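Structure record follows, encoded as structure tokens.
What you see below is based on every heavy atom in this structure, not just the backbone, and it leaves out hydrogens, waters and symmetry mates. Since the model is a prediction, treat every value here as computed from it, not as a measurement. So you know, we letter chains A, B, ... as the sequences are listed, proteins then strands, and number each from 1.
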Number of protein chains: 2
Amino acid sequence: MQIDRIGDLDFKVADLSLADFGRKEISLAEHEMPGMMALRREYSEVRPLAGARISGSLHMTVQTAVLIETLVDLGADVRWASCNIFSTQDHAAAAVVIGRNGTPENPTGVPVFAWKGETLPEYWWCTDRMLRWPNAADGSVQGPNMLLDDGGDATLLIHKGVQYEKAGVVPALSEEDADYTEEYSVILDLLRASLSDDPQYWTTTSPSIIGVTEETTTGVNRLYQLAAAGELLFPAINVNDSVTKSKFDNKYGIRHSLVDGINRAVDVLIGGKVALVAGYGDVGKGASESLQGQGARVIIAEADPICALQALMDGYEVATVESAVERADLIITTTGNKDIIGVDHMRRMKHQAILGNIGHFDNEIDMAGLARSGASRIEIKPQVDEWRFPDGHTVIVLSEGRLLNLGNATGHPSFVMSASFSNQVIAQIELFTKPDSWDKEVYRLPKSLDEKVARIHVEALGGELTQLTKDQAEYIGVDVEGPFKPEHYRY
Amino acid sequence: MQIDRIGDLDFKVADLSLADFGRKEISLAEHEMPGMMALRREYSEVRPLAGARISGSLHMTVQTAVLIETLVDLGADVRWASCNIFSTQDHAAAAVVIGRNGTPENPTGVPVFAWKGETLPEYWWCTDRMLRWPNAADGSVQGPNMLLDDGGDATLLIHKGVQYEKAGVVPALSEEDADYTEEYSVILDLLRASLSDDPQYWTTTSPSIIGVTEETTTGVNRLYQLAAAGELLFPAINVNDSVTKSKFDNKYGIRHSLVDGINRAVDVLIGGKVALVAGYGDVGKGASESLQGQGARVIIAEADPICALQALMDGYEVATVESAVERADLIITTTGNKDIIGVDHMRRMKHQAILGNIGHFDNEIDMAGLARSGASRIEIKPQVDEWRFPDGHTVIVLSEGRLLNLGNATGHPSFVMSASFSNQVIAQIELFTKPDSWDKEVYRLPKSLDEKVARIHVEALGGELTQLTKDQAEYIGVDVEGPFKPEHYRY
Ligand SMILES: NC(=O)c1ccc[n+]([C@@H]2O[C@H](COP(=O)([O-])OP(=O)(O)OC[C@H]3O[C@@H](n4cnc5c(N)ncnc54)[C@H](O)[C@@H]3O)[C@@H](O)[C@H]2O)c1
Ligand SMILES: NC(=O)c1ccc[n+]([C@@H]2O[C@H](COP(=O)([O-])OP(=O)(O)OC[C@H]3O[C@@H](n4cnc5c(N)ncnc54)[C@H](O)[C@@H]3O)[C@@H](O)[C@H]2O)c1
């Protein structure tokens, strides 16, 4: 792989000539992202992130471009990669590299390493580049001092790097090993190269990291597991569990972007069909509403009895994948768990059943098993494959099992990402400006900040908030300005 | 007031001859309350509540009858009152007094003090009777050793009783006092009589109380305020904030019972009308869905920007009562707060606008102000009044501003109450069987018990739960048997 370089700027994107189109869409998005604009107004004079070197791993979309440029306006230096091989919008990536005042000859934007359709080695190369900063003024090797992660791949790479540098060796991994996946072997190859190049790179650079802010359920899950094992190398803020993130992005964002992804992929009428949705968490709730809104009959597979009872109360049948898979025209996984749809399920699916995942990682569907199964792949168009089984029936797989809203469409729309990313920016400010307030644990943002994010977006939609009187506030035991609910409140 | 007595049983209900009808509806309800039946099966041999003297203050409905008889099957002695003047179902009250094996001549049930349409002095007299147990074998005065409360009136009476016995006097309250309400002056009269009768009654009996289990948001709110002030006299379990309570009863229960109450009251087509709902918490969410499901255009008034943003995302307009009240055909309060609808709002309402409250207390609507306003009251039928303003326009007020689902209809249906009451029974067992595990604080039930309640109800609805493999459970960091989510998860 070859880094591109113009002047001081290193980057790797698909095509810089797409930058104009990217810039136009970024400026439309800015209007739809009132949270980002409000934070720019509030903080661009103070520049609370001056001195921050933020390495970001998050879908390189138009909305993310607005996030990146907000971080820059708040004073940060930024490097970026996508957190998925299919989720980059190449025009957005190009525009971010060129920057708001740059030109193709003299780009003044941010180093981005991302393009749509990376191979796995390319993907991890991009992640690695995004974490390696140009040397410091004194010539010493530099990493980031802040991380912004979505799904935890950047965090993972650093933790594995430190672990293997301590061991002095990166283990060999053969296809026979229990934890073998193609992706994991790519990661190990990369770390092996790094170890031979600079045996202390991750060990030297990671202590500068003040902390990470993590975007999504799956990444947060990994962080809690690291923290529980006492292995977390730096503090983390769980952005996902801000109410204005998980109860908005994961639910209303998916409600928008699931059908959008399916429509752009296959143009199949959803009304009247039977859809099987695995998982009825926040994403599953949004997914089901999305499909039901189009007239599908939705069946839910759930492991958690509370979520299953919610699904029943919302009018959905609850059944196992095992028992419902033959009835379904669409099968969507949203669990954040692995091994939800196996090849045996695919064998039993209806002809031309549509199979997609909208959870963070592609391990919800056994794509490796499908490749080995004897089924043959017919590429209909990028990110849409028809797999024909020996008996002749086919299954249409979206985005090779990766999150289809970002693979087949453009992900969540700007407004919902404005709420999510407001939490990201606030979390970055909290961590960076109070570096001594955190242990190596996972924190959530205080409710007052969550309410602040909500307030901006209510106002942008023309909603009129009710002001409590002092007497009313006392009666329900809150302050007139909030927070309005106890910590355990569920919304 | 005269207590009725047959043999050893003291009670006061409307009409014992309604017991047969009550018993028939109780037996229909039992089938719809799988949680109650499962707890009877699990515990009626062990009798974990043997020795418990439970004083209960909770709407005396058919569903509550099933709760009471479950507590009895688990070994408890029980006394009961309703927690609202209009919510008693007289046939249910009669059946509970007669008991499953009793006759009108020889009732063998539970002492109940409740009838539909109590006056405020009658209501508080009932609450007081329910808290006074027949003397112990040694002749000494007895109170309950367990409380089961809904809205906190029983808890309030005991706390005020202890407070004024300490002071040695119950203050006089005149209509000029800031905290004057008719109801509060009734409470003080009752406590004044108690003080002169036995100046240490509440002080002597309250220390035997192991704890209280509280059903609803408003009661829980009071408990947290008492605990914060260091004034809580005994431990409390917050049943409301079990997920299988607040996210089911408050939401799906209200979705069912709000339109039910409106229909039984006024038979007005809801479709096409504009409904203004104050509050978009759990109850407000259920209320809005209920009205929208009937084709109303719903406007939400909210103080909390997070809930307001949820309302917007769910497709509702968000406005203040002030600005929307003239457009509304129906106005429903769900805030658990006071002074939401004042007389000035009523003056500005449409002719024959329908005004009702479904929050716990009647202070959401200024009924006292309405009575003083010069508007005249025309009773259409019990719990439905048309109030005519001097300008000729009228407002139809349901249940005199008290919770209309219980005043105008029969409250929540059995299935949802099965989930709520399962949490109540489990909370009673937890408190009573582990009396030394609690401080004078407010606790919630562990998630495992919440999931247990959900599981019973999923199975009753024929839902098929997915069983995680060990590998999957490890991957998401949970046990195969649950709990399936971190404490902060919001569902
Ligand atoms: N595509 C996107 O734009 C996007 C956006 C937000 C989140 N996500 C990702 O979506 C996934 C789900 O996120 P969430 O916030 O809904 O998480 P969640 O924890 O709220 O929901 C996941 C649900 O799946 C259930 N589940 C787990 N294993 C299961 C199994 N084997 N069978 C059936 N059900 C099972 C869980 O009980 C849970 O209720 C995560 O990977 C998250 O990172 C994707
Ligand atoms: N009728 C029933 O059967 C029934 C059942 C359950 C609960 N309840 C009662 O309903 C009430 C609400 O319960 P909940 O669980 O929804 O509580 P909640 O706290 O979830 O919701 C109340 C909402 O009202 C909002 N609010 C407060 N003051 C306001 C104001 N002045 N203007 C506009 N909005 C305001 C709050 O921000 C909150 O979002 C409580 O009194 C509860 O005890 C009644």
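In the model, Asp241(A) has no side-chain atom that pairs as donor or acceptor with a side-chain atom of Tyr489(B) under 3.5 Å. Between the side chains of Glu487(B) and His488(A), not a single donor N or O lies within less than 3.5 Å of an accepting N or O. When only modelled atom types and interatomic distance are considered, Asn250(B) and Asn240(B) share a side-chain donor-acceptor pair under 3.5 Å.
Interface summary for chain B: among Lys452(A), Arg455(A), Glu451(A), Arg255(A), the most heavy-atom pairs under 4.5 angstrom belong to Glu451(A). Residue with the most contacts toward chain B among Arg444(A), Lys447(A), Gln467(A), Arg222(A): Arg444(A) (heavy-atom pairs, distance under 4.5 Å). Interface check for chain B: of the options Asp314(A), Thr217(A), Val480(A), the most heavy-atom pairs under 4.5 Å are formed by Asp314(A). With chain A as the partner, the residue from Ile306(B), Asn238(B), Thr244(B) showing the most heavy-atom pairs under 4.5 Å is Ile306(B). The greatest number of non-hydrogen atom pairs below 4.5 Å with chain B, out of Val478(A), Ile300(A), Asp471(A), is found for Asp471(A).
Residues meeting the side-chain contact (heavy atoms from CB on, under 4.5 Å) test with Pro34(B), sequence neighbours left out: Phe415(B), Ser418(B), Ile456(B), His457(B), Ala460(B). A search for side-chain contact (heavy atoms from CB on, under 4.5 Å) contacts involving Asp344(A) returns Arg347(A), not counting sequence neighbours. Taking Phe484(B) as the reference, nothing meets the ring pair (Phe, Tyr, Trp, His ring centres under 6.0 Å) condition, with sequence neighbours excluded.
Taking the ring centroids of His412(A) and Phe248(A), they lie at or beyond the 6.0 Å cut-off.
The line from CE of Met33(B) to OG of Ser422(B) is 7.5 Å long, rounded to the nearest 0.5 Å. If you take OG on Ser246(A) and CG on Asn423(A), they are separated by 9.0 Å, rounding to the nearest 0.5 Å.
At a 4.5 Å heavy-atom cutoff, the contact between Leu465(B) and chain A is made by backbone and side-chain atoms alike. Within the 4.5 angstrom heavy-atom criterion, only side-chain atoms of Tyr252(A), from C-beta onward, approach chain B. Only the side chain of Asn221(A) has a heavy atom closer than 4.5 Å to any heavy atom of chain B. Contact of Thr469(A) with chain B is not made at all, since no heavy-atom distance falls under 4.5 Å. Within the 4.5 angstrom heavy-atom criterion, no atom of Glu481(B) approaches chain A.
Taking 4.5 Å as the limit, some side-chain heavy atom of Leu232(B) sits within range of a side-chain heavy atom of His159(B). Annotation: side chain of Ile341(A) is in contact with side chain of Thr333(A) (closest heavy-atom distance under 4.5 Å).
Contacts from residues 277-284 of chain B to chain A, taken as heavy-atom pairs separated by less than 4.5 Å, involve Gly281(B), Asp282(B) in sequence order.
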